[in-house]
Amino acid sequence: MGELSQANAPIYEALEKFKKMRVVPFDVPGHKRGRGNPELAALLGEKCVNMDVNSMKPLDNLCHPISVIRDAEILAAEAFGAAHAFLMVGGTTSAVQSMVLSVVKSGEKIILPRNVHRSVMGAIVLCGAVPVYVNPECDPKLGIPLGMSVSAVERAIKANPDAKAILVNNPTYYGICSDLRSIVKIAHEHNMLCLADEAHGTHFYFGENLPVSAMAAGADMAAVSMHKSGGSLTQSSLLLAGPAMSEGHIRQIINLTQTTSGSYLLLSSLDISRRNLALRGKEAFAGVVSLAEYARSEINDIGGYYAYSKELINGDSIFDFDTTKLSVHTLDIGLAGIEVYDLLRDEYDIQIEFGDLGNILAYISIGDRLRDIERLVGALAEVKRRFGKSKAGLMTQEYIEPELAVSPQAAFYADKESLPIEETEGRICSEFVMCYPPGIPILAPGERITRRILDYISYAKEKGCSMTGPEDAAIERLNVLKGV
């Protein structure tokens, strides 16, 4: 290809060119452009099944890109201000895990907040690294975990000077940002790398007056969920790296777990979405902020709800706030967030992102319209009128500081026994328990099970939180370490 510009979408352009060649397929996939599976072709349409092709010379190979995928990654790196970018087809889970596996190995320490996504803990189980938790402060009214305070990071570094890396959420699910620039600076001063989980921060790279992005803050790696606020297809993501990282090493790590059959539907969606954001992102995300600000104002006028924003900023554990996030505290209308979540879906046909014990998150993006916002606001007013009650007896969500007794990898693979959940107090857990979304573990392998944790799990189940993780899907039993 000649001169590349952000107006190009190399993978998409190659697919269009390939389509015109009318090639007869004697390769996989076996549906052969949909002919072998007419119901699937009818569901997805001819254009879609025609683009579901195998890696081949004209279309490059995700494991070892040298042409159009390579060009798409170069353009993505340029658009996001990174030294290197990797197209990921296993979701941001895959990007986060490749990021962690690239910088720590068995026995090495990584400093991180405890309110990380399960993908981070999964990576630690896989590689055998040892987590050093910086316990986040918790907002007493909202019951949400906040960012990492700089002083807490400094204390963790002082106590663990041999740690290899620090991982930061940028932002949290609720929109809270830590002082990323300062954390990067401290990490580098102590010869540590700084990684960012930016599953919910794609728009930081393109919008104005939004929190700083990881690459702009000087972070070494970032996992960016293009399919969330970036508009690409579900399960497509980017892994970004700064100049200090070895591109070849990261590619080798990615290839340990990522499929060798990268979907060209996902790859082309990343390519087209990157082009869209590079050309129109500033304007698009200004519209998202405007919709979110309008929604916040209208929801706060209902009374009882609290849609929070930049007024929370305290210069440290809440260094900045992502104003595209419509996070709403619900306890003052007498309903847990998960109850409002269920009511919106069951009574009003509105599907929001998640509800926890005290808050809901309605995800606003480049695809939303003013009339959708109006419908959400109207439904929330109705929920309060029809279902609101006294908040007596409602439990505020809380951050429960974990007691790490055994490394996550050792606990996950140890000899274990299954016990009724009420009989596990004091034992060491060997599996994950979490509400999903947001997918932040309540218990992770290697952590001691306490009465507070058991009460929290019981209450979350009672309120209808969708709980996942353990072998026992009903979460009536937990696996614990044998004899410990």
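Side-chain atoms are counted along with the backbone in the values below, which use heavy atoms only and exclude waters and symmetry mates. Since the structure is predicted, the reported quantities are computational estimates derived from the model, not experimental observations.
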| request: Report the C-alpha distance between E417 and N479 in whole Å, list the side-chain angles of each, state the deciding distance to 0.1 Å, and finish with yes or no for side-chain hydrogen bond (donor to acceptor under 3.5 Å, both in side chains). | output: CA-CA 5 Å; E417 58 184 321; N479 286 344; over 6 Å; no
| task | Show the numbers, then the answer: is there a salt bridge (charged side-chain N to carboxylate O under 4.0 Å, His left out) between R448 and E401? | result | CA-CA 11 Å; R448 197 170 296 281; E401 190 172 324; over 6 Å; no
| query | Please walk me through it: do S213 and E198 pass side-chain contact (heavy atoms from CB on, under 4.5 Å)? | reply | CA-CA 8 Å; S213 70; E198 287 189 310; 4.1 Å; yes
| message | Between S102 and H249, does the side-chain hydrogen bond (donor to acceptor under 3.5 Å, both in side chains) criterion hold? Intermediate values first, please. | response | CA-CA 7 Å; S102 292; H249 172 67; 4.8 Å; no
| task | Please lay out, stage by stage, how D52 and Y264 fare under the test side-chain contact (heavy atoms from CB on, under 4.5 Å). | result | CA-CA 6 Å; D52 185 34; Y264 278 87; over 6 Å; no
| task | Could you walk me through whether Y363 and F354 pass ring-ring contact (aromatic ring centres under 6.0 Å, His included), step by step? | result | CA-CA 9 Å; Y363 212 92; F354 81 90; 9.8 Å; no
| request: Would you please test E247 and Q252 for side-chain contact (heavy atoms from CB on, under 4.5 Å) and show each step? | output: CA-CA 9 Å; E247 181 186 11; Q252 285 186 322; over 6 Å; no
| query | Under the side-chain contact (heavy atoms from CB on, under 4.5 Å) criterion, do F86 and L238 qualify, and how do the steps go? | reply | CA-CA 6 Å; F86 305 86; L238 289 175; over 6 Å; no
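Judged by distance alone, with hydrogens and angles left aside, the side-chain atoms of E293 form no donor-acceptor pair with the main-chain N or O of T323 at under 3.5 Å. With hydrogens and angles ignored, the 3.5 Å screen pairs a side-chain donor or acceptor of Q235 with a backbone N or O of V89. In terms of modelled atom types and a separation under 3.5 Å, the side chain of R114 and the main chain of P441 share a donor-acceptor contact. Side-chain atoms of H190 do not come within 3.5 Å of backbone N or O of M192 as any donor-acceptor pair. Side chain of S149 to backbone of A152: a donor-acceptor contact under 3.5 angstrom is found. Without hydrogens or angle criteria, N160 side chain to A163 main chain gives no donor-acceptor distance under 3.5 Å. Using modelled atom types, no side-chain atom of S178 and backbone atom of L180 make a donor-acceptor pair closer than 3.5 Å. D197 places no side-chain N or O within 3.5 Å of a backbone atom of N169 that could act as its donor or acceptor partner. Although no hydrogens or angles enter the test, the distance criterion places no donor-acceptor pair under 3.5 Å between the side chain of D342 and the main chain of R345. At distances below 3.5 Å, at least one donor-acceptor pair connects side-chain atoms of R427 with backbone N or O atoms of L481.
Looking only at side-chain heavy atoms (C-beta outward), L167 and V116 come within less than 4.5 Å of each other. No side-chain heavy atom of V288 sits less than 4.5 Å from a side-chain heavy atom of D368. In this structure, I428 and V480 have side chains that are not in contact, with every pair of non-hydrogen atoms separated by 4.5 Å or more. Using a 4.5 Å heavy-atom threshold, the side chains of H329 and Y305 count as separate. Looking at P402 and N135, their side chains come closer than 4.5 Å, going by heavy atoms from C-beta outward. With a 4.5 Å cut-off on side-chain heavy atoms, C177 and F204 count as touching. For the pair H84/E73, no side-chain contact is recorded, criterion being any heavy-atom separation below 4.5 Å from C-beta on. In this structure the side chain of I166 never reaches within 4.5 angstrom of the side chain of L195, judged on heavy atoms.
Atom-to-atom distance recorded for I475:CD1 and E431:CD is 8.5 Å, nearest 0.5 angstrom. Here the CG atom belonging to L233 is positioned 8.5 Å from the CD1 atom belonging to I272, to the nearest 0.5 angstrom. Rounded to the nearest 0.5 angstrom, L454 CG and E422 CD are separated by 5.5 Å. Atom OG in S309 sits 10.0 Å away from atom CG in L326 (nearest 0.5 Å). Going from atom CG of L443 over to atom CD1 of I453 covers 4.5 Å, rounded to the nearest 0.5 Å. One distance of note links CZ of F285 with OG1 of T324; it measures 8.0 Å at 0.5 Å rounding.
Dense packing is recorded around CG of D162, with more than 12 heavy atoms of other residues, nucleotides or ligands lying under 6.0 Å away. Enclosure of atom NZ in K109 by more than 12 non-hydrogen atoms of other residues, nucleotides or ligands within 6.0 angstrom is indicated. Around the NZ atom of K482, the shell of radius 6.0 Å holds no more than 12 heavy atoms that belong to other residues, nucleotides or ligands. Within 6.0 Å of NZ in K164 there are 12 or fewer heavy atoms belonging to other residues, nucleotides or ligands.
At least one test fails for K416 against the ring of Y413: distance under 6.0 Å to the centre or angle within 45° of the axis.
Residue Q97 is tested with T257, I124, I254, L126 for a side chain to side chain contact (heavy atoms under 4.5 Å, CB included); the sole match is L126. Here the options are R181, K310, K325, the test is salt bridge (charged side-chain N to carboxylate O under 4.0 Å, His left out), and the partner is D320; only K310 passes.
Remark: the S229 side chain and the H200 side chain contain no N/O donor-acceptor pair separated by less than 3.5 Å. One side chain, D322 or H203, offers a donor N or O that lies under 3.5 Å from an acceptor on the other. Using modelled atom types and a 3.5 Å distance limit, the side chains of E353 and Y341 yield no donor-acceptor pair.
The minimum heavy-atom distance linking T92 with S225 is given by the pair OG1-OG, 2.6 Å. In terms of heavy-atom proximity, M245 sits nearest to M221 at CE-SD, 3.7 Å. Here the closest heavy-atom approach between residue L112 and residue P131 is recorded as CD2-CB, 3.6 Å. Closest non-hydrogen pair, G218 versus V184, comes out as O-CG1, 3.4 Å. Of all non-hydrogen atoms in S273 and M226, the two that sit nearest each other are CB-CE, 3.6 Å. Between A336 and K463, the closest heavy-atom pair is CB-CD, 4.2 Å.
A salt bridge is defined here as a Lys NZ or Arg NE, NH1 or NH2 lying under 4.0 Å from an Asp or Glu carboxylate O, and D455 with R451 meets this definition. Using a 4.0 Å cut-off between charged side-chain N and carboxylate O, R70 and D60 make no salt bridge. A salt bridge links K185 with E189; the closest basic N to acidic carboxylate O contact falls under 4.0 Å.
For Y308 and Y174, the ring centers are positioned 6.0 Å apart or more.
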